[in-house]
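To start, the structure under review is shown below, and the notes come after it.
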Amino acid sequence: MSNRYIPHTEEDIRVMLDRIGVESVDDLYKDIPSEVIFKGEYDIPEGMSEPELRRHFRELADKNRNLKVFAGGGVYDHYAPSVIPHLLQRSEFYTAYTPYQPEISQGTLQYIFEYQSMISELTGMEATNASMYDGATACAEVMFMMVASARKKNRVLISATLHPQVAEVVKTYAKFHGVDLTVIPEKEGVTDLEAMRSALEGGDVAGVILPCPNRYGIIEDFTGVADSIHAVKALMGVYADPSALAVLRTPAEWGADIACGDGQALGMPMLFGGPYLGYISCTSALLRKMPGRVVGATKDASGKRCYVLTLQAREQHIRREKATSNICSNQSLMALYATIYLSLMGRGGLVEVNRLSADGAHYLYNQLIATGKFEPAFDKPFLKEFTLRTQFDVKELNSKLMEKGIMGPIDLGNGLVEFAVTENRTREEIDELVNIIKEA
C-alpha cells in the first residue's frame, strides 16, 4: 500500500471507487491543477522507539527558555496549582466535544454549571454562558448582543482604553456585520466620560463597552456611568479581568448589563497566545440574547439532582435566523481549567493572588521611578500592571533583558512602557530587573 497508516486494503479502495463510478484515487483530484500538486517525497524522519521519541522531545524542550515575565497587556503569568493538569484528564470530565446526551455527560455538565456559577459570582451578574474562545471574540459577541437588544439602533461605543488587540477584533467583526462602531477617546489614561455622554446624546447608541482594568493597567472609576447609558436606553458592558474582580468592584456593582473578558488570568499558561477562554455574563433580561450555552440544574425521574443544557442558541439547534451566534463549539476544556483553578484557590486564594501582585507591582513602580529613568505617565490607581514614561529605547532595553532571561515591558509607543507583576515574581527577580535597567 502507498500509505501504511491508512487501514484500507486495495480491495476496500476498489469497492469504494466502483461504488462512486471512479477509476482511480487520482481521478478524485483531477480538478486540481497539476502544478500545485506536490510530487516529491515528504521530509518525514524515520520512526522512533518510545525511549528515542521521549529523548527527542526532551532535546526540543531544552531549547525553550523559561523567562521571568514582566509583560502583561491582557496576558499574565499567574501561578497554576500543579494538580490542575491531572484533574483535567479525569474521564468523567474530559470530553472531545459537546455534551449532547445528558445521560452520559453528567460530569461535563456539572463542571460547566459550576463554572457558570463561579464566573457569575465574580462578575455579580445573573447568568454566564459556556463559553467563548477568548476575550476578544467574547467582546465582539457582546457588541452583537447590544445591537440585537436595541433592534433599531446599530451604533456601539468602545473605549480607546480597551486592550488594543481586543479592540481590533471588535472592529473587524463590526465592519463585516455592518455595525457602526465608535471609539470613545481617552483623556489622561482613562475613558473620556464627557465625550461618551456627548456621543450618547444622539439617541442612536445601542451600548457602550468599557474596560476594567484598562490597557494601561488603570482601574477606571465608572461611578454614575450606568445611569447616563441607561438614560438613553442603551446597555453598559464591562470588559473585565476575572482574577482582578476578586478585589475590585464587579461589573454588576457598576450597574453594567453585560460583562465579558478573558479567563487566561485564572492560572492558564501563556502558551504563545492560547488556547484561552472567553466569558460572557449578563442580567437575566438579556439571557436569550447571549451566545453559547447555559447549563441548568434539575432533577431526574428518581428525584436526584442532575444537569441539562437549558439554553442552546446556536444555529444547529434552532432556526438559523433566530440564532444568536455560531462561534462557540464546546470550548469546554478551558472552562474546566478555570473551574478547577477557582475551586482550588477559593475566595481567599484569589484575594491573596491580587495582594501579592499588587504589592510587587507597586514596589517595582517605586523602584523604577527612583532610578530617575522613568516618570509617572498617569496619576491613577492600578493593581498589577502600570504604565510609565521613559526616554529609553525600549526595544534595545528588552533585548538586554532577554539576554538575562527576562521578558521586559510592552512598548506602547510615544515613550510609554507597560510593566506587569504577578504573584510569580519574587522580590529578588524585581530587584534584578531594576539593577539591569540601572546599568543600561
Side-chain angles (χ1 to χ4, degrees), residues 65-79 159-167 185-192 211-221 239 241 243-244 247-248 264-265 270 353-440:
R65 299 179 66 196
N66 292 317
L67 303 176
K68 302 160 190 172
V69 181
F70 286 92
V75 179
Y76 305 96
D77 183 27
H78 283 294
Y79 172 73
S159 174
T161 62
L162 193 65
H163 290 295
Q165 68 273 22
V166 175
E186 63 179 82
K187 184 178 181 181
E188 297 178 357
V190 296
T191 308
D192 188 339
C212 177
N214 71 17
R215 63 174 298 188
Y216 302 114
I218 295 171
I219 303 167
E220 297 197 30
D221 183 358
Y239 186 92
D241 177 343
S243 175
V247 294
L248 300 181
Q264 187 277 331
M270 292 179 286
V353 163
N354 282 279
R355 184 189 67 78
L356 291 171
S357 299
D359 287 350
H362 285 80
Y363 174 74
L364 175 59
Y365 178 93
N366 292 329
Q367 291 297 306
L368 291 173
I369 296 295
T371 66
K373 299 181 178 183
F374 296 87
E375 59 184 39
F378 311 106
D379 184 20
K380 300 288 193 304
F382 63 87
L383 185 61
K384 62 186 175 188
E385 192 168 22
F386 58 87
T387 300
L388 296 174
R389 194 175 300 279
T390 185
Q391 299 297 319
F392 261 119
D393 181 330
V394 182
K395 184 177 181 180
E396 182 179 345
L397 171 62
N398 277 332
S399 179
K400 291 181 179 180
L401 290 172
M402 189 67 71
E403 292 173 2
K404 302 292 186 179
I406 295 175
M407 180 179 285
I410 297 175
D411 185 357
L412 300 180
N414 299 318
L416 298 179
V417 290
E418 184 176 58
F419 292 83
V421 181
T422 68
E423 77 282 9
N424 271 343
R425 299 285 70 82
T426 66
R427 182 64 61 92
E428 290 74 20
E429 291 172 343
I430 295 173
D431 288 339
E432 180 187 5
L433 170 68
V434 173
N435 288 332
I436 293 171
I437 289 175
K438 285 179 179 178
E439 297 169 0

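Sorted by first and then second residue, the pairs that involve residues 379-388 and meet salt bridge (Lys or Arg N to Asp or Glu O under 4.0 Å), not counting sequence neighbours, are Glu188-Lys380, Asp241-Lys384. Listed by first and then second residue, the side chain to side chain donor-acceptor pair (under 3.5 Å) pairs involving residues 362-372 are Tyr363-Asp431 (not counting sequence neighbours).
The structure places CZ of Phe382 at 9.5 Å from OG1 of Thr387, a figure rounded to the nearest 0.5 Å. One distance of note links CG of Leu368 with CZ of Phe374; it measures 5.0 Å at 0.5 Å rounding. Considering NZ of Lys404 and CD1 of Ile406, their distance stands at 9.0 Å, rounded to 0.5 Å.
Formation of a donor-acceptor pair under 3.5 Å by the Glu429 side chain with backbone atoms of Thr426 is found in this model. Checking side-chain atoms of Ser399 against main-chain N and O of Lys395 turns up no donor-acceptor pair under 3.5 Å. Checked by atom type and distance alone, the side chain of Asn398 pairs as donor or acceptor with a backbone atom of Pro409 at under 3.5 Å. Of the possible donor and acceptor atoms, none in the side chain of Gln391 sits under 3.5 Å from a partner among the backbone N and O of Gly415. In this structure, the side chain of Asn424 engages the main chain of Asp77 through a donor-acceptor pair within 3.5 Å. Judged by distance alone, the side chain of Asn354 and the main-chain N or O of Ser243 form a donor-acceptor pair under 3.5 Å. Arg65 places a side-chain N or O within 3.5 Å of a backbone atom of Met402 that can act as its donor or acceptor partner. Side-chain N or O atoms of Gln165 include one that pairs as donor or acceptor with a backbone N or O of Gly73 at under 3.5 Å. Of the possible polar contacts, none joining the Lys400 side chain to the Ile437 backbone as a donor-acceptor pair under 3.5 Å is found.
Among residues two or more places apart in sequence or in another chain, the side chain to side chain contact (heavy atoms under 4.5 Å, CB included) test is passed with Leu356 by Glu352, Glu423.
Side-chain atoms of Glu220 and Thr161 form a donor-acceptor pair, as typed in the model, at a separation below 3.5 Å.
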Exercise for review: Under the side-chain contact (heavy atoms from CB on, under 4.5 Å) rule, what do Tyr76 and Gln264 come out as? Steps first, then yes or no, please.
Suggested key: CA-CA 7 Å; Tyr76 305 96; Gln264 187 277 331; 4.2 Å; yes

Exercise for review: Take Lys68 and Glu432 through the test salt bridge (charged side-chain N to carboxylate O under 4.0 Å, His left out) and record every step on the way to the result.
Suggested key: CA-CA 10 Å; Lys68 302 160 190 172; Glu432 180 187 5; 2.9 Å; yes

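Close placement of the Phe378 and Tyr216 rings is indicated, their centers lying within 6.0 Å of each other.
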